[in-house]
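Notes follow the structure.
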Number of protein chains: 2
Amino acid sequence: MFENEVYERMINYQETMSKSHKKIANYLIENRETAPFLTASKLAKHVGVGEATVIRFAFFLNYKGYPDLQRHLQEAMQRKMTSAEVLVKTTDKDGSTSDVVTEILGDDIQNLKTTLNQLNTAHFEQAVQEIIDANRIYIIAYRSAASIGSFMEFYLDMVLQNTEMIRQGDGVSEHLLDIKENDLVIGFGFARYTKRTVEVLKYAKQRGAKTLIITDHYMSPLVPLGDLKLIAATEINSFIDSFSAPLSIVNALVTAVTRAEHVKVEKRLHDLEGLWDNFDVFEE
Amino acid sequence: MFENEVYERMINYQETMSKSHKKIANYLIENRETAPFLTASKLAKHVGVGEATVIRFAFFLNYKGYPDLQRHLQEAMQRKMTSAEVLVKTTDKDGSTSDVVTEILGDDIQNLKTTLNQLNTAHFEQAVQEIIDANRIYIIAYRSAASIGSFMEFYLDMVLQNTEMIRQGDGVSEHLLDIKENDLVIGFGFARYTKRTVEVLKYAKQRGAKTLIITDHYMSPLVPLGDLKLIAATEINSFIDSFSAPLSIVNALVTAVTRAEHVKVEKRLHDLEGLWDNFDVFEE
DNA sequence: ACTTTTATGAAGTATTTATTTCATTATATG
DNA sequence: CATATAATGAAATAAATACTTCATAAAAGT
């Protein structure tokens with residue numbers, strides 16, 4: 001993908017880089033359109049390191065000096081631009097795409113656009129409020145939808161500590177018996193809707209819980225079972241459905257909840273931070 | 001006509017220009033991608049005029065000096081590029097995003113576009129081939145990445161029956177011991193990379209397995225551990241990362257594999273269909 | 001905990017790049 | 001064709017930028 005070797009070098013030498021050098025590499029990679037124009041001292045200021053360190057970085061990558069590194073960055077930029085233009089042209093042609101990636105990612109871009117246009121923002125905002133107000137939250141998502149369900153479970157439970165997903169393996173009933181009036185049940189279901197999802201949601205409504213449905217179509221059998229409905233497009237040219245758009249909606253829900261409850265959430269995240277440190281979970 | 005006022009100026013002043021000045025203007029207009037990088041003396045040589053004339057040209061256009069003219073040329077170049085790339089940044093009319101959904105889905109559209117532009121299609125195609133050729137496939141994905149990992153497991157195992165995901169809870173070692181030379185290990189890891197992911201991948205490489213990395217950045221600590229790397233943008237304006245783009249890449253991988261192996265896969269799906277019927281899994 | 005090694009930025013120096021000067025050449029005008 | 005005017009590039013000077021040095025701080029090793 002990189003036509004010029006500069007970025008390859010950065011990637012290859014990554015492991016032997018010092019902290020500051022990594023910062024510089026990072027900045028160069030993330031600002032490929034502007035960074036090649038900067039002088040050494042300006043780059044140093046942008047990155048937050050000394051000018052000398054920038055110069056050393058150029059030598060570190062085996063260039064003759066900063067101007068040499070700069071020249072290579074500039075060349076990469078020039079070539080990148082034309083290849084980007086070529087790509088735009090190939091995708092713009094009436095649907096006939098040469099390779100699978102371009103086709104699928106293109107479809108997903110379309111799905112997100114469609115979802116965004118069709119989305120009922122009132123329902124979305126209500127959904128956020130219900131999530132915040134809920135006593136406990138249960139997520140129903142079977143088969144392939146389980147992945148998106150567990151993603152939502154992971155983050156909602158991280159920030160609210162009152163969320164769990166009801167999994168296929170579970171002796172369903174025991175969890176379901178807990179569902180109460182001021183609980184919220186979030187159901188995911190996409191084409192080839194599983195019977196079990198429908199059944200569980202019916203039961204949840206019977207028990208008086210609020211229901212939020214995330215599905216792929218207004219004609220979905222889940223729609224009548226939801227007090228709130230969020231529709232996300234999932235169509236791609238494949239035997240599977242794409243969950244990019246529903247996942248993006250989950251991102252938006254989680255983000256909206258955390259923004260509304262940011263005081264609580266920040267404390268919670270800070271506490272977790274200490275925990276993670278203790279158990280040495282993350283790199284760097 | 002031109003995006004930046006620099007070129008307008010040249011055109012407007014064209015008539016009052018001297019011979020040499022016209023030559024310079026001409027060169028700048030015809031080399032908009034390379035000329036902005038040149039120093040005054042180099043530009044002078046390219047055009048075939050004296051260095052002083054180039055400087056005078058900058059003053060002639062009412063710039064403060066050559067660096068000032070150069071800066072404007074560079075800005076024009078950048079703007080051209082981004083406007084070609086961005087196309088569809090869906091924001092509100094006034095630019096400020098009114099609600100979270102629009103903001104997050106807009107970010108994700110951008111992520112998919114970026115991913116598409118930066119993707120190494122050669123690596124993608126190799127990845128598809130490795131998946132097809134692999135004896136067994138192991139997926140490594142911890143914490144939030146687990147959701148996308150299990151999605152991939154679900155479909156790859158459905159069509160190939162040789163895929164499993166190594167889960168956090170598992171007494172890791174027992175599965176890892178099985179990893180052999182012609183196996184493929186697919187590792188997912190995104191910002192706040194977990195140590196365990198890195199360790200497991202190192203181990204997999206040691207055992208001689210092929211490795212495919214799906215991560216968010218070329219500076220990710222996972223990159224050096226992958227024989228093949230696929231990079232997907234995950235940045236949204238939130239404390240979480242978005243997996244829409246990586247998920248879309250997984251969609252593309254699964255789709256490409258099934259298209260390449262469609263004879264086998266169709267039979268398999270047909271068999272499953274019978275199974276599902278028997279157990280009455282789906283609605284309608 | 002201590003030593004050694006390595007990395008760092010401030011300050012100084014060298015180099016490159018931009019600008020000005022000035023003698024020369026080209027162009028225009030009567 | 002002579003003269004005035006404007007434009008030009010080589011060389012000198014000024015400014016900006018790149019690179020080096022060195023004392024100090026952070027990591028790594030023991």
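Note on naming: letters A, B, ... go to the chains in the order of the sequence lines (proteins, then strands), and numbering restarts at 1 for each one. All values below come from the heavy atoms of this structure, side chains included, with hydrogens, waters and symmetry mates left out.
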* To do: Spell out protein contact along nucleotides 20-27 of chain C as letters: B when the base is contacted, S when just the sugar-phosphate is, - when no protein heavy atom is under 4.0 Å; keep the 5' to 3' order.
  => BBB----S

* Criterion ring pair (Phe, Tyr, Trp, His ring centres under 6.0 Å) on A:Tyr66 and A:Phe57, from CA distance to verdict -> CA-CA 8 Å; A:Tyr66 181 73; A:Phe57 181 75; 9.4 Å; no

Tell me whether the rings of [X] and [Y] are parallel (<30°), tilted (30 to 60°) or perpendicular (>60°).
{"X": "A:Tyr155", "Y": "A:Phe151", "answer": "perpendicular"}
{"X": "B:Tyr27", "Y": "B:His46", "answer": "tilted"}
{"X": "B:Tyr63", "Y": "B:His72", "answer": "tilted"}

* Between B:Thr197 and B:Thr194, do the side chains contain an N or O donor and an N or O acceptor separated by less than 3.5 Å? -> yes

Between [atom2] on [N] and [atom1] on [X], what's the gap in Å once rounded to a whole number?
{"X": "B:Ile24", "N": "D:dA7", "atom1": "CD1", "atom2": "C1'", "answer": "12 Å"}
{"X": "A:Tyr63", "N": "D:dC19", "atom1": "OH", "atom2": "P", "answer": "14 Å"}
{"X": "A:Lys45", "N": "C:dG9", "atom1": "NZ", "atom2": "C1'", "answer": "13 Å"}
{"X": "A:Asp68", "N": "C:dT16", "atom1": "CG", "atom2": "P", "answer": "13 Å"}
{"X": "A:Phe57", "N": "C:dT8", "atom1": "CZ", "atom2": "P", "answer": "11 Å"}
{"X": "A:Phe60", "N": "C:dA7", "atom1": "CZ", "atom2": "P", "answer": "9 Å"}
{"X": "A:Lys64", "N": "D:dC19", "atom1": "NZ", "atom2": "P", "answer": "12 Å"}
{"X": "A:Lys22", "N": "C:dA7", "atom1": "NZ", "atom2": "C1'", "answer": "14 Å"}

* Asked: More 5' along DNA chain C: B:Gly65 or A:Gly48, using each one's nearest nucleotide?
  -> A:Gly48

* Reckon B:Ser18 has a side-chain N or O less than 4.0 Å from the OP1 or OP2 of D:dA7? -> no

* Asked: In terms of side-chain geometry, is the basic nitrogen of B:Asp227 or B:Lys205 positioned less than 4.0 Å from the acidic oxygen of its partner?
  -> yes

* With a non-hydrogen cut-off below 4.0 angstrom, is A:Val54 in contact with a base, only sugar-phosphate, or nothing? -> nothing

* Output yes when a side-chain donor or acceptor of B:Glu164 lies under 3.5 Å from a complementary backbone atom of B:Tyr138, and no otherwise. =>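 Checking the backbone N and O of B:Tyr138 against the side chain of B:Glu164, no donor-acceptor pair under 3.5 Å is found.
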
* Asked: Stepwise, does the side chain to side chain contact (heavy atoms under 4.5 Å, CB included) test hold for A:Met152 with B:Ser147?
  -> CA-CA 9 Å; A:Met152 191 175 201; B:Ser147 57; over 6 Å; no

* Asked: Heavy-atom contacts under 4.0 Å between residues 35-44 of chain B and DNA chain D, which residues?
  ->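 Residues of residues 35-44 of chain B under 4.0 Å from DNA chain D: none.
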
* Closest nucleotide among D:dT8, C:dT8, C:dT19 to the B:Thr53 side chain ->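 Selected nucleotide: D:dT8.
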
* **Counterpart residues, ring-ring contact (aromatic ring centres under 6.0 Å, His included), relative to B:His217 (two or more places apart)** =>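 Checked B:His217 against ring-ring contact (aromatic ring centres under 6.0 Å, His included); zero matches.
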
